Amino acid sequence: MSSEPVRDVLIVGGGTAGWMSASALVKVLGPLIKVTLVESDEIGIIGVGEATIPHIKTHNTLIGINEVEFVRETQGTFKLGIEFVDWGRLGESYIHGFGKLGIDLAGHPFHLYWARAHLAGKAGDLARYSFNVSACRAGKFMSTPVDAPKGTPLEDIAYAYHFDASLYARFLRRFSEQAGVRRVEGKVVEVRQHADNGFVQSVVLASGQELTADLFIDCTGFRGLLIEETLKSGYRDWTRWLPCNRALAVPCANVGPPVPYTRSTARRSGWQWRIPLQHRVGNGYVYAGDFISDEDARSELLGHLDGKPLAEPRLLRFTTGHRNQVWKKNVVAIGLSAGFLEPLESTAIHLIQTGIAKLALMFPRKGMSPAVSELYNRQVAYEYERIRDFLVLHYNATTRNDTAFWNHCRTMAIPDGLGEYMELFRDSARVIPKPDELFTLPSWVQVMVGQGLQPADFPPVIGVLSDADLGKFLAHVEAVIQSSVNVMPTHQNFIERYCRAQAA
Ligand SMILES: Cc1cc2nc3c(=O)[nH]c(=O)nc-3n(C[C@H](O)[C@H](O)[C@H](O)COP(=O)(O)OP(=O)(O)OC[C@H]3O[C@@H](n4cnc5c(N)ncnc54)[C@H](O)[C@@H]3O)c2cc1C
């Protein structure tokens, strides 16, 4: 590869990753580059990936998406968190809510005060001190109102979306094409490399058309047509920590108003997702093929649907982990071609987004710089690792011993850093997330407590407040949250008034 300016970008693949990349790159690098996207209708997209986290709003704002239009056109609903049913103990559930937990006091995180009161038997369930969780339990939702009362949680409501994955890709495609992205329909049948250095030179379509570029973005899904099949990047496999490697996905009919959260119910050998949309419910069973057959998983899934199935369950196979190099030579992998962490905390679309953001920042002016691609790869690996540990926490911190799968998860070796997090929390309720970690303190605390980890003590500095003042403080936090939830409409009412989609 020469040190010519990098102008022509070819995105191979038009799923969520391909169209998110196209829409963002054309927006931020606009006049400097020419973006072409090739996709194959015959191959299609994976068609799952319907629950998100609040960071997606940054992508939407960047490319100028109108929220009402977006939610309507994707049959979307709103999401304040994830409910985990039967994870820590059979018969129990908790919600990991987005946003803040309680109100910090004197520079110390809220949960430490809660832990002190809880140890003394004087605090309610942690959930009562989360605005998002309280709103979820009440089935309520609204976005931040312009006249939100100062000092209340209504000032900054942390929320995300559920949407129909196929409609989302279509929506982004329209957006990207309007912004100047050229779309080519066709199936890539050959990838040509420069003879001297192995850089990708072009892709050849079944029609015989050849598409050249300076930089290729591999968004071809799990197969990684360029990054793996061509450049042999290799894969870091984390199955030993996250043993689920299959999923069955099936939509079903709605049977009631949509709840403002995703539900994850632990099953015998994995867990089942439930994503409420306006026109249907998305469901799937993520499971470990070593512990249950596909046929038994299918029966377990179909036996736990709210409404009538609308299609045959679709089997998807995956390996948790990521490519050794997600940027190799002149190919950057984004989306499933880069790696996969199972959808327990809805992080895959977020990883697409951060992959694009990093690429925009490190986009080469001339030729490819190994220093830049190494930095990119290090940052992506770190990000994957931090999310991995958070996911492993859900599986390992459980009391379940009713199936071989849960016995395995409860007793398996876990990554070193995670063991330290858990030990520190058990010891003194302290949680000190690493820098630039996606999941911040309120997330770690909610999942640790929800899974059943109990702190034995709290830091001495938290003991300075008198018992009476501590009681008043906790009551105040609860009252502020409750009065804010009281003024909210139900999730269904909000959708009706704001962004009702047309019947599908
Ligand atoms: C079971 C499961 C559940 C998930 N749930 C969530 C979730 O709740 N939240 C979340 O954030 N993420 C979730 N994900 C991840 C999410 O689905 C993906 O990150 C997202 O859909 C992006 O996929 P993609 O665009 O990388 O791949 P795909 O959708 O597979 O797209 C690949 C594209 O490449 C094209 N292509 C492939 N080969 C060729 C070729 N030879 N020629 C031309 N084109 C080609 C295809 O036509 C397609 O357009 C889930 C994933 C799985 C497996």
Side-chain angles (χ1 to χ4, degrees), residues 10-22 36-56 59 79 82 160-166 168-170 172-173 183-191 203-207 209 211 216-230 244-250 262-264 270-275 277 282-287 297 301 313-320 326 333-356 387 438:
L10 181 68
I11 299 173
V12 186
T16 298
W19 285 115
M20 280 182 85
S21 302
T36 304
L37 184 148
V38 58
E39 66 175 324
S40 158
D41 284 343
E42 183 194 324
I43 297 175
I45 67 170
I46 192 159
V48 284
E50 308 200 314
T52 59
I53 57 174
H55 307 65
I56 193 169
H59 180 85
K79 170 175 173 184
I82 306 177
Y161 310 97
H162 301 119
F163 50 65
D164 180 314
S166 306
Y168 183 55
R170 206 183 298 164
L172 289 179
R173 172 181 162 187
R183 174 185 182 268
V184 178
E185 161 62 32
K187 186 168 163 184
V188 175
V189 291
E190 188 190 340
V191 180
V203 298
V204 183
L205 309 186
S207 63
Q209 185 181 359
L211 300 168
F216 293 80
I217 305 189
D218 185 345
C219 295
T220 58
F222 284 133
R223 63 185 299 192
L225 179 65
L226 307 180
I227 197 74
E228 192 57 48
E229 290 182 15
T230 308
C244 291
N245 55 4
R246 282 162 182 244
L248 281 161
V250 65
T262 308
R263 180 176 297 140
S264 159
W271 61 277
Q272 181 173 336
W273 80 75
R274 179 188 184 282
I275 299 177
L277 302 176
N283 309 275
Y285 187 5
V286 174
Y287 58 97
L301 171 64
R314 226 159 28 94
L315 178 65
L316 300 159
R317 295 185 177 82
F318 56 83
T319 306
T320 292
V326 287
I334 292 186
L336 298 173
S337 58
F340 186 59
L341 290 165
E342 57 147 283
L344 187 58
E345 286 280 355
S346 319
T347 44
I349 293 173
H350 174 74
L351 285 166
I352 293 173
Q353 200 182 325
T354 57
I356 300 166
I387 297 174
L438 170 62

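Just follow the structure's listing: the first ligand is 1, and inside any ligand the first atom is 1. No experiment lies behind these values; they were computed from the predicted model shown.
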Got an N/O contact under 3.5 Å between W273 and ligand 1?
no
Suppose I only count heavy atoms of G335 and a 4.0 Å limit; which atoms of ligand 1 are within that range?
26 (O)
Going by heavy atoms, is I352 under 4.0 Å from ligand 1?
yes
side-chain contact (heavy atoms from CB on, under 4.5 Å), paired with H55, selected from L438, T354, T347:
L438
Check: of C244, C219, G18, min heavy-atom distance to atom 33 (C) of ligand 1 comes from C219
Within the side chain of K79, is there an N or O that forms a donor-acceptor pair under 3.5 Å with the backbone of T52?
yes
Looking only at protein heavy atoms, which one is nearest to atom 20 (C) of ligand 1, and how far off is it?
T16 CB, 3.9 Å
Among all protein heavy atoms, pick out the one at the shortest distance from atom 37 (C) of ligand 1; state its residue, atom name and that distance to 0.1 Å.
T220 O, 3.6 Å
Give a yes/no verdict on whether any heavy atom in G44 is under 4.0 Å from an atom of ligand 1.
yes
L225-ligand 1 polar pair, N/O distance under 3.5 Å
no
Strictly under 4.0 Å, does any heavy atom of W19 approach an atom of ligand 1?
no
Residue, atom name and distance, where the atom is the protein heavy atom closest to atom 16 (C) of ligand 1:
G49 CA, 3.8 Å
Residues in side-chain contact (heavy atoms from CB on, under 4.5 Å) with A297, at least two apart?
L248, Y285, Y287, I292
Closest to atom 3 (C) of ligand 1 among protein heavy atoms sits P343 CG, 3.4 Å
Selected option - heavy-atom contact closest to atom 9 (N) of ligand 1, from A17, A348, A51:
A51
Residue I45 vicinity, atoms of ligand 1 by number, heavy atom under 4.0 Å
29 (O), 48 (C), 49 (O)
Write down the atom of G284, the atom of L301, and the distance for their closest heavy-atom approach.
C-CD1, 3.9 Å
Where the side chain of T230 meets the backbone of V191, is there a donor-acceptor pair that is under 3.5 Å apart?
no
Among protein heavy atoms, which sits nearest to atom 43 (C) of ligand 1, and what does the distance come to when rounded to 0.1 Å?
G186 O, 3.4 Å
Nearest 0.5 angstrom please: F222 CZ to F318 CZ, how far?
7.0 Å
So the atoms of ligand 1 within less than 4.0 Å of a heavy atom of I349 turn out to be 10 (C), 11 (O), 12 (N)
Backbone N or O of D41 within a donor-acceptor pair of the E185 side chain at under 3.5 Å?
yes
Considering both backbone and side-chain atoms of F222, is one of its nitrogen or oxygen atoms within less than 3.5 Å of a nitrogen or oxygen in ligand 1?
no
With heavy-atom distances below 4.0 Å as the criterion, list the atoms of ligand 1 near E50.
7 (C), 8 (O)
Does even one non-hydrogen atom of H350 get within less than 4.0 Å of ligand 1?
no
Hey, does G13 come in under 3.5 Å of ligand 1, counting only N/O atoms on both sides?
no
Residue and atom name of the nearest protein heavy atom (relative to atom 27 (O) of ligand 1), distance in Å to one decimal
G221 CA, 3.6 Å
Contact check, A165 vs ligand 1, heavy-atom distance below 4.0 Å
no
Taking only non-hydrogen atoms of I46 and a 4.0 Å limit, the atoms of ligand 1 in range are 17 (O), 21 (O), 28 (P), 29 (O), 30 (O), 53 (C)
Among protein heavy atoms, which sits nearest to atom 45 (C) of ligand 1, and what does the distance come to when rounded to 0.1 Å?
I43 CD1, 3.8 Å
Sub-4.0 Å atoms of ligand 1 with respect to non-hydrogen atoms of A247:
1 (C)
Between the side chain of R183 and the main-chain N/O of E39, is any donor-acceptor distance below 3.5 Å?
no
Any donor-acceptor pair under 3.5 Å from E50 side chain to I275 backbone:
no
Rounded to the nearest 0.5 Å, what separates atom OG in S337 from atom CD1 in I217?
10.0 Å
Identity and distance of the protein heavy atom lying nearest atom 2 (C) of ligand 1
V48 CG2, 3.6 Å
Quick one: does I275 get an N or O within less than 3.5 Å of an N or O on ligand 1?
no
